[in-house]
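All remarks here apply to the structure that follows.
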Amino acid sequence: MSIHIQQVNKHFGNFVAVDSVNLEIKTGELTALLGPSGSGKTTLLRIIAGLEQADSGIVKFNGEDITTQHVSERGVGFVFQHYALFKHMTVFENVAYGLTVRPRKTRPSKAEIAEKVHSLLKLVQLDWTADRYPSQLSGGQRQRIALARALAVEPKVLLLDEPFGALDAKVRAELRRWLRRLHDEINVTTVFVTHDQEEALEVADKIVVMNKGRIEQQGTPEEVYDTPSNPFVYEFLGNVNLFHARVKHGHSTIGNIHIPSPEHAEREEEQQGLAYVRPHEIEVLTQPTENAIKVNLDLVTIVGPVARLEVLTEIDEQLIHVELSKVQFKQLGISKGDNAWIQPRYSKVFLGEGI
Amino acid sequence: MNTLSPTTDHAITEAPWIKWSLIGLALSFLALFLVLPLAVVLYGAFEAGINVWWQAITDPDALAAIRLTLLVLIIVVPTNAIFGVAIAWAIAKFEFRGKTLLISIIDMPFAISPVVVGLIFVILFGAQGWFGPWLAAHDLKVIFAVPGIIIVIMFGTLPFVARELIPLMQQQGKDEEEASLTLGANGLKTFWYVTLPNIKWGLLYGVILCNARAMGEFGAVAVVSGRIRGETNTMPLHIEVLYNEYMFTAAFAVSSLLTGLALVTIVLKSMVEWKDERKHKTH
C-alpha cells in the first residue's frame, strides 16, 4: 500500500502544525518521520491514520483518495507511544479486539480468532502472556503486545508514534532492531515517528526530516546524513561545529586554514558562509602543521570506546568538539591543558551570513 | 522505605497523650453529632413498638410518599447518569470553546440555595410564571405537581455523576479510545467496550451519591410541591408534615426508613470505593 500526501495543512489555533506537506511513501517501505518536538511529525502521522482531520489537502492510499474516510474504515494499524493497551482486558483480549468488534458477517469464528492471536503472540515472542493483564508486563513487552494488536487486523499501513519513546535505552535498542527484522518479515508499509536521529538512521529505509511543519529533506539514511541539504538537517543529525568561512574554487577558508568543500567547486567569486564540521571529521595532531588550528585541550570525556574532546582555539577561544576513538586518543599521549593542533578533514559550507 | 520506617515513626509522630486526646476528641465529636442522632431516630421510631412503626409506614399517605420518592429516583438517577457521562465525555475527550465555563456551570446547582432553586422554577413554570399561561392553556401542571418535584431534584443532583467522571476521564486520556477506533470499532462499540469498563466504578460512585441526595432533597421540593398529602409529598416532606402535626412516632418511623436507605447507600458507597481501590492496587 503506497501513501500519497498532497498539500496537507493543519493548524491548531494560531499554531501551524503541518504546512503544505507533500510526501510519497512507497509500498513496503519503512519510513521514519524525524524531527524535534513541535515539528508536526506526529500530527502528520495522525492525519495519515485519520485520527486528525487535515484543514486542507489530500491523503491517498494506493492512489485512492481517503481524506474523508473515518479512521475505523481506513485499515491502519496504529501504535501509540504509551501503548494504549486496554487496561481491563487480558493480553489475549487486547490482541483479539480488532477481530471481535467486527460485525457478525465479517467476524472470524472464535477458533480462528484464537489461532490468529496465538500466532501473533508467537510473532512478538510473548505467547506466554496471553492470560495476563497489561499492568503485569514490562514496557517493552507492552509495546510488543500493542504491535501484535495492531497487526491482528492485517493493516494496509502500520503507523507508529514514537513507539520506543517511553522505554529505557537498552530495551529501546533491542526493540528497534527487532522492529527492523519484523518489518523485513511481514513487509507492510510502515511509517514511524521519532525525534531520535540514531533510531531513524538505524531502522528506516527512508528518512523524512521535518521542522516547523515542513519537510526539510527526505532520502535514505546515508543520503540525509552524508549530504544534508540545509543547516537544520546538518545540526539535527548529530553534533556539529560551526565556523565562519569563505568559499572559492571548491575550498573553504576558516581563519588561515584551507579545507576541501567539493560542492562549491564551480564557485569563482569568494563568498561568505558557515562551515559545518562533524566532531569525528577532525584530526588531532600533537605537532604544529601547516593548515592546522592551534588549540588547547580543555576537557576529555571517555564514553566507552569513544573519546570526546572539548578544545579551545588559541586565537579566539572558540569551543570545538572533537570525537575520536579511545585508542587513537591514548596514542596521542596528550591530556587536559596540553596544546594540540586540529585539522578538519572535510566541511560542508552553507552560503550566507548568520544562517 | 520499610527499613526506614521505625526511625521516621519516632521522628514524626506526636507524644502518645497528644495522639490519644486527638483521637478521643474526634470520636466524641462523631458520637455527639452522628451516632447520637442516629440512635435517637431509631429509638423514636421503635419506642412504641414494632406494630406502631409498621402502621406508620403503611399509612396510605406514607406509602404515597414512599412511592413518589421511588418514582423520582427512577427518573432522576438514570437521567443524570446519562447526562453526567455525556458531559464528562465531551469535556474530557474534546477541545472546544467555553469548556472552562461549562465546567463552572455544572457546579452551579451545588452553589445555589435549594430554596432559590425552587423559586426559580416557580417563576418559570408557576401560574404567574413565564410559561405558566402556556402550560395552563395546554392543561399541563408542573408546579404543585410531580413534574415540578422531578425537575428541581434533577437540577439539584445534576453535578454528581459529571463531577465524579470528569477528572477520571481526563486522567485516562483518549489513547485507548483512539486505539479502539484504529482497530475498526465504531464510536458506540468503543464506548461500550473501552470507555465504560474504564469508568464503571467512578460512574457507580456518582450514581450512589446522586441517589442519596435525590432521596433526601428537601428545600427546593418544599417550594414547588405544594405539599398535597398523598400526592406531592416526598418522604422528607411527609416527615415534616407528621412532625408539625405532633405525630412524633410516625415522623420518626418514616425517618428511620429514610435513614435506613441512607445507611444502605453508605455501605454500597464504601463497597464501591473498596473495590475501586483494590482495582487500582492490582493495576
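Throughout, a chain's letter reflects where its sequence line sits, starting with A, and its residues are numbered from 1.
- For V71(A), the parts sitting under 4.5 Å from any heavy atom of chain B are the backbone and the side chain alike.
- Around NZ of K156(A), the count of heavy atoms belonging to other residues, nucleotides or ligands within 6.0 Å exceeds 12.
- D184(A) CG: more than 12 foreign heavy atoms inside a 6.0 Å radius.
- Within 6.0 Å of atom CZ in F96(B), more than 12 heavy atoms from other residues, nucleotides or ligands are found, so the atom counts as buried in its surroundings.
- For L85(A), the part lying near chain B is the backbone, with the side chain staying farther off; criterion is any non-hydrogen pair under 4.5 Å.
- Ranked by heavy-atom pairs shorter than 4.5 Å toward chain B, the options G98(A), G77(A), A84(A), G50(A) are led by A84(A).
- Taking CZ from F80(A) and CD from E178(B), the interatomic distance works out to 5.0 Å, rounded to the nearest 0.5 Å.
- Annotation: E73(A), atom CD; neighbour count of heavy atoms from other residues, nucleotides and ligands within 6.0 Å is above 12.
- Only the backbone of A150(A) comes within contact range of chain B, with heavy atoms under 4.5 Å apart.
- Between the CD atom of E176(B) and the NE2 atom of H82(A) there is a distance of 13.0 Å, given to the nearest 0.5 Å.
- Side chains of L51(A) and T182(B) form a contact here, defined as non-hydrogen atoms less than 4.5 Å apart.
- Ranked by heavy-atom pairs under 4.5 Å with chain A, the first of D175(B), N186(B), T190(B) is D175(B).
- Of the inter-residue distances, the one linking F86(A) atom CZ with N198(B) atom CG reads 9.5 Å to the nearest 0.5 angstrom.
- Within 6.0 Å of atom NZ in K99(B), more than 12 heavy atoms from other residues, nucleotides or ligands are found, so the atom counts as buried in its surroundings.
- Of the listed residues H70(A), R102(A), R149(A), the one with more heavy-atom pairs under 4.5 angstrom with chain B than any other is R149(A).
- In this structure, OH in Y193(B) is found 11.5 Å from CD in E93(A), a value given to the nearest 0.5 Å.
- Separating the CZ atom in R74(A) from the CG atom in L181(B) is a distance of 12.0 Å, to the nearest 0.5 Å.
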